[in-house]
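I am attaching a structure below and will ask some questions about it afterwards.
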Number of protein chains: 2
Amino acid sequence: MRIKDIAKLAGVSPATVSRVMNNNGYVKDEKREAVLKVIKEVDYQPNSIAKSLKNQKSHMLGVIVPKISTETASRVVSGVTEVAKAHGYQVLIANTDLDIEEEINYLKFLSNKSVDGIVMMGTEITDRHLEVMDKLTVPIVILGQEVFGYTSIIHNDYEASYQMTAYLISQGHKAIAFIGVSEKDKAVGVIRKNGYLDCIKDHGLEVDEELMAIGDFDIDTGYQMMNKVLEKKIPTAVYAVTDHLAIGATHALLDKGYRVPEDVSVVGIGDIKLAEYLNPPLTTVHYTFKTSGKMAAEVVFDLIHRVRTKGECLMTTFELKKRASVKNIR
Amino acid sequence: MRIKDIAKLAGVSPATVSRVMNNNGYVKDEKREAVLKVIKEVDYQPNSIAKSLKNQKSHMLGVIVPKISTETASRVVSGVTEVAKAHGYQVLIANTDLDIEEEINYLKFLSNKSVDGIVMMGTEITDRHLEVMDKLTVPIVILGQEVFGYTSIIHNDYEASYQMTAYLISQGHKAIAFIGVSEKDKAVGVIRKNGYLDCIKDHGLEVDEELMAIGDFDIDTGYQMMNKVLEKKIPTAVYAVTDHLAIGATHALLDKGYRVPEDVSVVGIGDIKLAEYLNPPLTTVHYTFKTSGKMAAEVVFDLIHRVRTKGECLMTTFELKKRASVKNIR
DNA sequence: CTGTTAGCGCCTTCAT
DNA sequence: ATGAAGGCGCTAACAG
């Protein structure tokens, strides 16, 4: 069913139908009624692809995520879709499965006017990324990493990490193990580590390399890294840079016969949904990923409508969730 | 940059450029080289919207999910995107937030040729749904509910539920509480309940209404429903129809001073990622949601390519995950 | 083998 | 206030 068919049925021209549909231009009331009646009768749906071609905008937002099946990503997508819907937009998902080539391909693909704006959840941002992003004609917002010259939305990783470490110290902990990830991920790998290191130093404690381990993002890695540390030292507290790593670490401790938090306290970052239902409930930092997603989408729309200029870096808030996984040993 | 510009730069006609890009028709080698060279030089990306309009296919799959920020949905989407990518397709997400009107709107919207096929995660399927689905011109696969006349992919909810109940009985449990959800969701609300009821009866046990409670899907509901049951009876085991409900129930038990599984055993269904990391690790049924998503996408492609006919109902497998949350009291 | 032409469905001047 | 016409970028049919 095309606009032409509606026109014929309503006894008007296609232009009139278009005017009615888009509420623009003058149409005599009776003709408008006639058109609307036909539209309702046949349940006419305009072809959005043709509209896109004509109007040079697709009413679609692209979201590039490293792994959709993670809680973080799905919360972000949830936020983005919510805002997109409010603007009458659809959301196109590009799931890269942590493949950098894929990420670059999608950037290219999405740029050829098939979406009006892009939200990219950043992990590792390479020079290749920047090269492609330079040529982008549609607005892009990077979520989770600060990228110079581009609009970014970041979590206050440094401050969160610092405060978490400070909290452990305030509870009397001095031997605080650190379970981190590769420096390729600047926000999680570098900035969170710096928050930890600076806080340790600022409080006059010694940085102990033997208490530190670096690995991947999954629960299993947390388990292994914890064991690696335990071979050398027994900390009184463990700071893992994600909740999943914290869960893995907790299990390593339990398997070795340590009690949490009686013998060793454990904290994470991220506040996954189940954090408070774990046993013991996990002390962590609550990042508002859904809110970040919403914010990213809002900012993309601002950029699309040119009511904001490219290059800003916004920071979201966080909240320390103090739960039973930390024991005061002071 | 349009095909016309490339043509000019390469000294050929737009048609030739098109032929080169799509590898169809004959093009003299030297012209092909020239075209490819220009394409590479300017990093030309064809306008996918124009292609869609011309070719009458968008190379996009629509996925309608009740709530993208759930583990189930994101795993399904992950599976769908994986298969879509392999077919050179993009995935459009429609997140309905459990709103039936939204679901119907999206069905209509997606049908006007803006996607080539639809995967819908079903919860409640109403007559309105069927009415709209009847008019659909693109193939649709419903995931999670069996809908007569439509292609569906379902989990073996009856058998899973029956086996889970039988397992509890085999461990010596007789007073098995049931925490379910509304019958509006046929698969979870009706079929899983029937599996439980039939199994109880088949084993010569009494169905006890006081051991049963019905609520929503969230953790908090599980908590409340468990408390409601505890006011009347103390079961030796609790069967919750989702893992989240099981988690809520567990916490209600713990808060009332019961130990799990020493005093009361608890089981769920779904096998969320953290199920095995809970304390105690949760006995549950593993559904392969990502695989279901993949299967759904494959079937949609089959329907698109007409190598399969509409109306089949496929069933996925499941696996009982026996973990420490159940105690043998025989 | 290659170029010209027409048209996918819509919207927007321009003319009436 | 309305209709006719052209064009968004691409491709398939036709002609040469």
Side-chain angles (χ1 to χ4, degrees), chain A residues 1-36 38-39 42-60 88 90 108-116 137-138, chain B residues 1-36 38-39 42-60 88 90 108-116 137-138:
Chain A
M1 194 56 82
R2 302 150 313 173
I3 213 172
K4 215 165 135 189
D5 303 314
I6 304 298
K8 200 164 290 175
L9 288 172
V12 297
S13 75
T16 301
V17 176
S18 173
R19 282 189 265 260
V20 170
M21 305 251 346
N22 302 297
N23 268 323
N24 89 20
Y26 300 97
V27 179
K28 207 189 287 176
D29 275 352
E30 41 194 295
K31 294 212 174 193
R32 160 169 282 114
E33 299 305 329
V35 170
L36 289 174
V38 173
I39 286 176
V42 305
D43 195 23
Y44 167 67
Q45 300 274 42
N47 180 313
S48 53
I49 291 172
K51 284 177 92 135
S52 297
L53 182 59
K54 176 68 196 178
N55 298 333
Q56 298 288 46
K57 55 185 164 145
S58 61
H59 282 258
M60 292 199 298
Q90 296 291 123
K108 282 190 191 170
F109 172 84
L110 292 178
S111 69
N112 61 343
K113 302 306 282 176
S114 86
V115 297
D116 300 341
T137 54
V138 298
Chain B
M1 196 55 84
R2 304 150 315 179
I3 210 171
K4 216 166 134 189
D5 303 313
I6 304 298
K8 201 163 291 176
L9 287 171
V12 298
S13 75
T16 300
V17 177
S18 173
R19 281 190 266 260
V20 170
M21 304 253 342
N22 301 298
N23 268 323
N24 89 20
Y26 300 96
V27 180
K28 206 190 290 177
D29 276 351
E30 41 193 295
K31 295 214 174 195
R32 161 170 281 115
E33 299 305 329
V35 169
L36 289 173
V38 173
I39 286 176
V42 305
D43 194 22
Y44 168 67
Q45 299 275 40
N47 181 312
S48 53
I49 291 172
K51 284 177 91 135
S52 297
L53 182 59
K54 176 67 195 179
N55 296 334
Q56 299 289 39
K57 55 183 163 147
S58 62
H59 282 259
M60 292 198 298
Q90 297 291 123
K108 282 189 190 170
F109 172 84
L110 293 178
S111 68
N112 61 343
K113 300 308 280 176
S114 85
V115 299
D116 299 342
T137 54
V138 298

To the nearest 0.5 Å, how far apart are NZ in A:K51 and CD1 in B:I49?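 Rounded to the nearest 0.5 Å, the NZ-CD1 separation comes out at 13.0 Å.
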
Can you find a heavy atom in the side chain of B:I3 that is under 4.5 Å from one in the side chain of B:S18? yes

Measure from CZ on B:R19 to P on D:dT11 and round the result to the nearest Å. 11 Å

Starting at CD1 of A:I3 and ending at P of D:dG6, how long is that distance when rounded to a whole Å?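 The distance from CD1 of A:I3 to P of D:dG6 comes to 18 Å, rounded to the nearest Å.
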
Does A:N24 put a side-chain nitrogen or oxygen below 4.0 Å from OP1 or OP2 of C:dC11? no

Nearest 0.5 Å, what's the CG-CZ distance between A:N23 and A:R32? 6.0 Å

Look at A:S18 and C:dT12 and indicate whether a side-chain polar atom (N or O) is within less than 4.0 Å of OP1 or OP2.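 So the side-chain polar atoms of A:S18 never come under 4.0 Å of the phosphate oxygens OP1 or OP2 of C:dT12.
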
Grab the NZ-C1' distance between B:K8 and C:dG3 for me, whole Å please. 15 Å

Check this one for me: any side-chain N or O of A:K31 less than 4.0 Å away from OP1 or OP2 of D:dG3? yes

Side-chain N or O of B:T16 closer than 4.0 Å to phosphate OP1/OP2 of C:dG3: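 The answer is yes; a side-chain N or O of B:T16 sits under 4.0 Å from OP1 or OP2.
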
From the candidates D:dC10, D:dG9, C:dC10, the one with an atom nearest any side-chain atom of B:L53 is D:dG9

CG/B:L53 to OG/B:S48 distance, rounded to the nearest 0.5 angstrom? 11.5 Å

Of all the choices, D:dC10, D:dC8, C:dT2, which nucleotide is nearest to the side chain of B:K51 once you look at every atom?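 So the nucleotide nearest the side chain must be D:dC10.
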
Taking CG from B:N22 and P from D:dA13, how many angstroms apart are they, rounded to a whole number?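 That distance rounds to 13 Å.
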
Let's see if you can work this out: which of D:dA1, C:dG9, D:dC10 has an atom nearest to the side-chain heavy atoms of A:Y26?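 It is D:dA1.
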
Which of these nucleotides, D:dG6, D:dT11, D:dT2, is closest to any side-chain atom of A:K54?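 It is D:dG6.
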
Hey, is the side chain of B:Q56 poking within less than 4.0 Å of OP1 or OP2 on C:dG9, counting only N and O atoms?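 Checking B:Q56 against C:dG9: at least one side-chain N or O falls below 4.0 Å of OP1 or OP2.
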
Side-chain N or O of A:N55 versus OP1/OP2 of D:dC8: is the shortest distance under 4.0 Å? no

Once you round it to whole Å, what is the distance between P of C:dC10 and CZ of A:R2?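 For the pair A:R2 CZ and C:dC10 P, the rounded distance is 8 Å.
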
Quick one: is D:dC10 close enough that its OP1 or OP2 comes under 4.0 Å of any side-chain N or O from B:Y44? yes

Which is true for B:P46 with a 4.0 Å heavy-atom rule: it touches a base, it touches only sugar-phosphate, or it touches nothing? sugar-phosphate

Which whole-number value in Å describes the distance from A:M1 CE to C:dG9 P? 12 Å

Interatomic distance where CD1 belongs to A:I49 and C1' belongs to D:dC8 [whole Å]: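 One finds 14 Å between C1' of D:dC8 and CD1 of A:I49, rounded.
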
With a 4.5 Å cut-off on side-chain heavy atoms, are A:F109 and B:Q90 touching?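 Heavy-atom side-chain distance check passes, below 4.5 Å.
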
Return the value, rounded to whole Å, for the distance between atom CG of A:D29 and atom P of D:dA1. 10 Å

